[in-house]
Structure formats: structure tokens, C-alpha cells
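Reviewing the structure listed below.
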Amino acid sequence: MTIRTRFAPSPTGYLHVGGARTALFSYLFARRHGGRFILRIEDTDLERSTAESVNAILEGMAWLGLEYDEGPFYQTHRFDRYNQVIDELLAKGLAYRCDCPKERLDAMREEQMAAKLKPRYDGLCRHRDLDPSQPHVIRFRNPDTGQVVVDDLIRGRMAFDNRELDDLIIRRSDGAPTYNLTVVVDDADMAITHVIRGDDHINNTPRQINILRALGKEPPHYAHVPMILGDDGSRLSKRHGAVSVVAYRDQGYLPEALLNYLVRLGWSHRDREIFSLEEMVELFDIGQVNKAAAAFNTDKLDWLNQHYIQHADPRRIAHLLRPHLGDLGIDPAEGADLTAVVAAQAARAKTLVELARISAFVYRDFEDYEEGAAKKHLRPVAAEPLERLRDRLDMLALADWEPVTLEHTVHRVAEELGLNLGKVAQPLRVAVVGRAASPGLDITLSLVGKEATLRRIDRALAYIRQGSAGV
RNA sequence: GCUCCUAUCGUCUAGUGGUUAGGACGCUGGCCUCUCACGCCGGUAACAGGGGUUCAAAUCCCCUUGGGAGUACCA
């Protein structure tokens, strides 16, 4: 039998990292076993579902590269089917109409809570024969004895007593079916073999199995993956910074970094940390997934992102970097080859945003010197080496403006002046970059170009003289 | 409240009765070095508590405590 899994988000917000991980696990499990991965949009809550959310989810999935084989299916397109099932349950006496007013239900709940009981519908309408033309909801007649046993792929055996459950509503008074009914009908109709979802659904599982059995279907296998918590161990929310997958993209994270981070949240393979999507597919084992919730740690995500920026094809990174440079008002077409810039800078940035920020100097003169750097390196003693550098560099032909010659020039100036290389290199670096950190000077100068280099050295010399005059 | 799930370094995890409790991020010492990174070498730090079972428990059982979820005409 072909393995079939599904990701079934409800479009009431963006695709967040917890949902993305659930989707990833579901995707990996299907791919690992040569099965099919299905996307289903659970939009039966007409009030809260939006088209924007659907788009955000689709966009997030596409960015991560989690391709689905079937779908997206929309539950709102399947109301006829749900009603057909509900009518069938009604006809078999496995469901019934109920017109209990909200006030009665609320009062009952309060009484039960006060008596330290679990709030449950008391089944008042179970044996009443209501007029279908009057407003009503449909409730599922849940078995009231016995228990439901679930052999969860992640948690092992879980048992629930039927007497803890009550008769849940499967169709609202407005005629719209509810989640616990639709999910069961769809999973059965779509021949889902493995339901992989967040563990917030554990408590729904026995109800769904009961409905499934009433329909004469065999339940699928279940795997409930734990939730993702915020940095501080509390429930993940906006307060913890980015939670939406697309927001990570906008902040300069690579999809492979986020996927790698998410897969290691709850799953591991020996001592290994780096996994491509293909490697995950090859090695993933749902039974190996951790049972406990995991806290999201941005530091580790940053480390992975830096790793991937560093090891990816610089041409691809260059392409992805363009919009971030654009955000800084820079068009890299008007300067050094962006791929060369990426090759020089990749090891220095945790995100593409940072990469753009530390590379801006290649394409335009910086605004101000970094305070500490100027104070330390652009002092009067730096004037002589800078002047000498300016002369020597000016003498270089444009054709000689390349790393080897440039490095040689800087070394020669240091020797001539009898100075440590650092006394020459650092003032030059601050003069050209504006800060005390950059790639090797040979590369840095070659990227910046002759004209801008000389211009910036002049600017630094003026800065030094101005500073001395003020003392 | 009730039901269910859950518990190894700060964080992510390895571990399935016998280990000096391993790795990774972070932090930190050093090497490399024209700076910053990268890289390399080293250090820091954990079995929530209490009872059992066993020759032997991080591993099995029970209780407590902590964390999470559900308890809707949300999904």
C-alpha cells in the first residue's frame, strides 16, 4: 500500500515555524517511503479563514521547497460530501439533532466545573426527535463505554476512556460541518495512511477514531509531533520575534538553513548536524522523533544559516542578495562583480541582510567612520603610511589593480617605513571600508577599485588633519 | 478543576540496564593572522525530586513537582 501523508493547515494566519516543521516531517515521511504528500486547506471556519492566509501558506511551502503531490484541496469545496456523510450518520442513528440553547450549555459547564467534573454535553437531545426545519446542530453519538487505544508512532500507546468524551457537534446551525468531522471524512476519502500533526491534536484523536469507526473505516496511523516553544520555553508567539516562515526569508535566512534547523528540532541522526533535504529524505525516521516540546533557538539557526551562506554557490547567494542590497539603495550592477563580493564576504555574515550591510562599502562611499575604528586607526601617526600608500597605489596601472600586486604594495610600504604590517594595513582598511573589519586588503582594494580607494584615502587624510588641528 | 501528553548541559540532542553520560549551538582559553570572520585545538555545563524493581538504573515501575495541550456551533 502506498504511504500517503498530508499537511492540513487552517488558513487563519501565516505559515509559522511549528506548522512548517510538521509539514516537513510529513513530507519527509512520505518521500522516505516512496509515498505521496498532500496539501489540504482546512477552511471550514468561514469567519476566520482568509485568502491572504492561503497565499501566505502556499508561499511559505514554495519557498521551503516542500512540494506536494496532490492539492491544495479546499474543504469549503467539499460541503456536499460532508453533508452526505452527516445524513448517513443521521439515518443510521449515529448522529442526532440538538437544539440545546447556549445558555443551558454554559450553565451546565459551569456546574460541572464547580463539581470538579470534566465539562461534557449531557446528551439531552439524544432521544428527542427534533423537527429538521427548526434551527439545530448535529451531534455525533459518541460511544459511552469502552476505550479508544491509539498506537502513536512517536508516543507509543495512548488510551482514552469513552466516558471522558461527549457528543461533539459535527454540523453547526448554519449548516457548516466542523473540523472533527471534515478531517475524518477527508483523511478517509483521500486515503491518508499516516496522520502526522501537532500534538495539540492528541485529544481530538479518540473522537476522530470513533467517527471513523461509525463510518465503517479503519483509522490511519498517527504520529503526534511536539510543539515548538519560544527561546524562553514558553509558547511561541510574536513576542519571540519572527514566527512566520516568510519573515525568516525576509530577514535573510536561506530555506535550506531553516529546514535543517527545523528537522533537528526533535529529530537527530547520530552526531550529524548538517542535512540537505535529500539527505533528510534518506535518513528521516518518524519513530525517532522526540516526544518533548523543543525551544526555538535563533543562535543555532544563525550558525546554520552562516554555514549555508558560506558553502552555497556564490552565484546563487549573489542572486538572493540583490534585493537586500536594493533595500539599502544599492544597485550592484554599477560596480564590482557581486559574485566576487559574496565569495569574499560569505564567511562573515549570519544572514543575507548582514551580508548586504557589510558589503555596501564596495558599491558606495560609507557615511561615517565607525567610531572606535577611526579613533584607534585614523590618528596622526597614520598620516605618513596613508600618504605613502596613496602615492604607491596611484602609480599602479589599472591593469595591475589586482590582489597580488595590491598585497605586494601594502607590504612594501610597511617595509619602507619600518612599520609592522598592522600599522599600515589597519589605517588603510578603516580609510577604505569605514570600519576595522573586512576581507583581506588585497581583495578589499581590488573590489573597491582604484578610483574609490584613492578618494577614500584622501578623505581619511583630511579627517586626520582635521582631527589634529582640533587638538 | 478534569482528561491527555511530557521531563539528559542555558538551548537542540545521543543514550533503549553495566558509558570517564557523547555531539552541536552558545559562552570561554589558545592557534592561525593585516582586521573581522572562517577553520583548527582545548575548556565550561546535564540525567527535576522521592520511592521502588535489580548484582547493577539516565534507561523499567509508582508518586511528587515543573512544563504543555485539550476541555467551543476554532482548527
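We name chains A, B, ... by the order of the sequence lines, and we start the count at 1 in each one.
- Of the two residues near RNA chain B, A:Q426 and A:D200, the one whose nearest nucleotide lies more 5' is A:Q426.
- A:L386 places its CG atom 14 Å from the C1' atom of B:C34, with the value rounded to the nearest Å.
- Using a 4.0 Å heavy-atom cutoff across all strands shown, A:L117 reaches at least one base atom of the nucleic acid.
- A:R435 and A:D368 are not joined by a salt bridge, as no carboxylate oxygen comes within less than 4.0 angstrom of a charged side-chain nitrogen.
- Both A:R435 and A:P9 sit near RNA chain B, but only A:R435 has its closest nucleotide nearer the 5' end.
- The phosphate of B:C12 (OP1 or OP2) has no side-chain N or O of A:R21 nearer than 4.0 angstrom.
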Restricting to nitrogen or oxygen on both sides, can you table the protein-nucleotides 59-62 of chain B pairs closer than 3.5 Å?
none

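- The separation between A:I170 atom CD1 and B:A72 atom P is 17 Å, rounded to whole Å.
- The listed nucleotides are B:G68, B:U13, B:G1; the one nearest the side chain of A:A294 is B:U13.
- Between B:C12, B:C34, B:A75, one nucleotide has an atom nearer to the side chain of A:E407 than all others, and that is B:C34.
- Looking at A:N204, its side chain comes within 3.5 Å of the base of B:A75 through a donor and an acceptor atom.
- No more than 12 heavy atoms of other residues, nucleotides or ligands shown are found within 6.0 angstrom of CD on A:E384.
- Distance, A:W267 CH2 to B:U13 P: 12 Å, rounded to whole Å.
- As judged by a 4.0 angstrom heavy-atom cut-off over every strand, A:T44 is placed among residues touching the sugar-phosphate backbone only.
- Contact between A:R141 and A:Y96 at its shortest, heavy atoms only, is NH2-CD2, 4.1 Å.
- In the set B:G26, B:G23, B:C34, B:G26 carries the atom at the smallest distance from any side-chain atom of A:W303.
- Taking atom CZ of A:R155 as the reference point, atom C1' of B:A69 lies 10 Å away to the nearest angstrom.
- On a pure distance criterion of 3.5 Å, a polar donor-acceptor pair joins the side chain of A:E273 and the base of B:G23.
- Nucleic acid contact class of A:R109 (heavy atoms, under 4.0 Å, all strands): sugar-phosphate only.
- Taking CG from A:L447 and OH from A:Y363, the interatomic distance works out to 7.5 Å, rounded to the nearest 0.5 Å.
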Practice prompt. Any chance you could lay out the ring pair (Phe, Tyr, Trp, His ring centres under 6.0 Å) test for A:F29 and A:F284, step after step, and finish with the verdict?
Written response: CA-CA 7 Å; A:F29 185 79; A:F284 185 71; 7.4 Å; no
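- Partner of A:H224 under the side-chain hydrogen bond (donor to acceptor under 3.5 Å, both in side chains) criterion, chosen from A:D152, A:D199, A:D200, A:T22: A:D152.
- For A:T178, taking side-chain heavy atoms from C-beta onward, the closest of the listed nucleotides B:G23, B:A75, B:A37 is B:A75.
- Residues A:D43 and A:Q75 bring no donor and acceptor atom of their side chains to less than 3.5 Å of each other.
- Comparing B:A14, B:U6, B:A37 by their closest approach to the side chain of A:S268 singles out B:A14.
- Open room surrounds CG on A:D80; 12 or fewer heavy atoms of other groups in view lie less than 6.0 Å from it.
- Distance check on atom C1': B:G42 versus B:C63 gives 44 Å, rounded to whole Å.
- Using a 4.0 Å heavy-atom criterion, one finds that A:H201 contacts the bases of the nucleic acid, with or without backbone contacts as well.
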